[in-house]
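Being a predicted model, the structure only gives us computed values, none of them experimental.
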Amino acid sequence: MSDKPLLFIDVDGVLSTYGFDTERADPRHLHLVDGIPHHIPGPMAERIKSVIPHFESVWATGWGERANDHLVYILDLPGELEVVEFATRPSTDGSGHWKLNELTERAAGRAAAWIDDGLNESCQAWAAERHDPTLLVHTDPFVGMTDDHVSELIEWADDFSRRASADTR
């Protein structure tokens with residue numbers, strides 16, 4: 001088990017942004033994934049690559065293994081990430097967050113950060129109820145992960161690592 005905290009990474013609305021105009025978007029940032037156009041702005045590669053070393057990073061997305069099949073190359077990542085496989089389909093009725101069961105299981109006994117555009121009240125309650133350090137980072141799906149999100153994640157992970165190191169002395 002890694003001494004780094006976990007980082008659950010969503011894709012749509014975090015790395016792949018919404019609301020882009022395919023006619024006006026920079027073609028270098030448009031990627032066809034299984035026939036669906038995705039807008040992944042240029043800075044996303046450097047942002048995610050700067051965050052990953054501070055965490056045990058895990059894809060937490062409906063993309064499943066397709067995240068490794070495509071994003072490792074699009075973002076020029078150093079390698080594949082673990083993938084959380086979700087048993088339930090995305091919920092659109094507002095009744096709760098469809099990722100919580102699997103993330104709860106994967107994060108058991110571990111500090112965890114989660115970056116997602118779909119965080120809701122049930123996610124906030126989940127984070128508040130966990131006994132382990134937890135950080136939720138909400139993104140605007142039309143903007144995705146920003147430099148401020150990167151700073152927040154790195155600072156949190158580094159602070160956690162310092163505290164964990166001090167506790168083992």
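Grouping the Ile, Leu, Val, Met, Phe, Trp and Tyr side chains by contacts below 4.5 angstrom, directly or via other members, places F55 with L135. When the side chains of ILVMFWY residues are joined at heavy-atom separations under 4.5 Å, either directly or via intervening members, V51 and I40 end up in a single hydrophobic cluster. Using a 4.5 Å cut-off between side-chain heavy atoms of Ile, Leu, Val, Met, Phe, Trp and Tyr, with links allowed through other members, I154 and L15 fall into the same hydrophobic cluster. A chain of hydrophobic side-chain contacts below 4.5 Å, direct or via other Ile, Leu, Val, Met, Phe, Trp or Tyr residues, connects W59 to V137. Side-chain heavy atoms closer than 4.5 Å link hydrophobic residues (I, L, V, M, F, W, Y) into clusters, and following such links, even through other members, never connects V143 to I9.
In this structure, the side chain of E80 does not engage the main chain of V72 through any donor-acceptor pair within 3.5 Å. At distances below 3.5 Å, at least one donor-acceptor pair connects side-chain atoms of S122 with backbone N or O atoms of H97. R47 contributes a side-chain N or O that, together with a main-chain N or O of M145, makes up a donor-acceptor pair within less than 3.5 Å. The closest donor-acceptor contact from the side chain of H138 to the backbone of D117 lies under 3.5 Å. Looking only at distances, no side-chain donor or acceptor of R66 sits under 3.5 Å from a matching main-chain atom of D34.
Pairs engaging residues 148-157 under the side-chain hydrogen bond (donor to acceptor under 3.5 Å, both in side chains) rule: T146-H149 [sequence neighbours left out].
Summarising the geometry, atom CE belonging to M44 is positioned 9.5 Å from atom CG belonging to L75; distances are rounded to the nearest 0.5 Å. Annotation: the span from H39 atom NE2 to H31 atom NE2 amounts to 8.5 Å, rounded to 0.5 Å. In this structure, CG in L103 is found 9.5 Å from CG in L6, a value given to the nearest 0.5 Å. One distance of note links CG of L77 with NZ of K49; it measures 7.0 Å at 0.5 Å rounding. In this structure, CZ in F160 is found 14.5 Å from NE2 in H54, a value given to the nearest 0.5 Å. Atoms CZ and CG, on F8 and D116 in that order, are 11.5 Å from each other to the nearest 0.5 Å.
L71 pairs in a side chain to side chain contact (heavy atoms under 4.5 Å, CB included) with only one of the listed residues (V11, I48, L81), which is V11.
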**Study point:** Derivation of the side chain to side chain donor-acceptor pair (under 3.5 Å) call for D12 and W63
**Key:** CA-CA 9 Å; D12 294 320; W63 283 45; 3.1 Å; yes
**Study point:** Criterion side chain to side chain contact (heavy atoms under 4.5 Å, CB included) on R106 and E82, from CA distance to verdict
**Key:** CA-CA 11 Å; R106 179 61 183 88; E82 176 188 343; 2.7 Å; yes
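The two residues T61 and F86 make their nearest non-hydrogen contact at N-CE1, 3.5 Å. Shortest non-hydrogen contact noted between L7 and W114 is CD1-N, 4.3 Å. The two residues T134 and A127 have their closest heavy-atom pair at CG2-CB, 3.6 Å. Closest approach of A60 to K99, counting heavy atoms only: O-NZ, 2.8 Å. When every heavy atom of T17 is checked against every heavy atom of G144, the shortest pair comes out as CG2-N, 3.8 Å. Residues L153 and I115 share a closest heavy-atom pair of CD1-CD1, 4.1 Å.
Other cluster members for I36: none, since no ILVMFWY side-chain heavy atom sits under 4.5 Å from it. Cluster partners of Y18 are F142, counting Ile, Leu, Val, Met, Phe, Trp and Tyr whose side-chain heavy atoms approach within less than 4.5 Å, directly or via other members.
Using a 4.5 Å heavy-atom cutoff, the side chains of R110 and E56 are in contact.
For E85, the CD atom sits in a packed shell: over 12 heavy atoms of surrounding residues, nucleotides or ligands are nearer than 6.0 Å.
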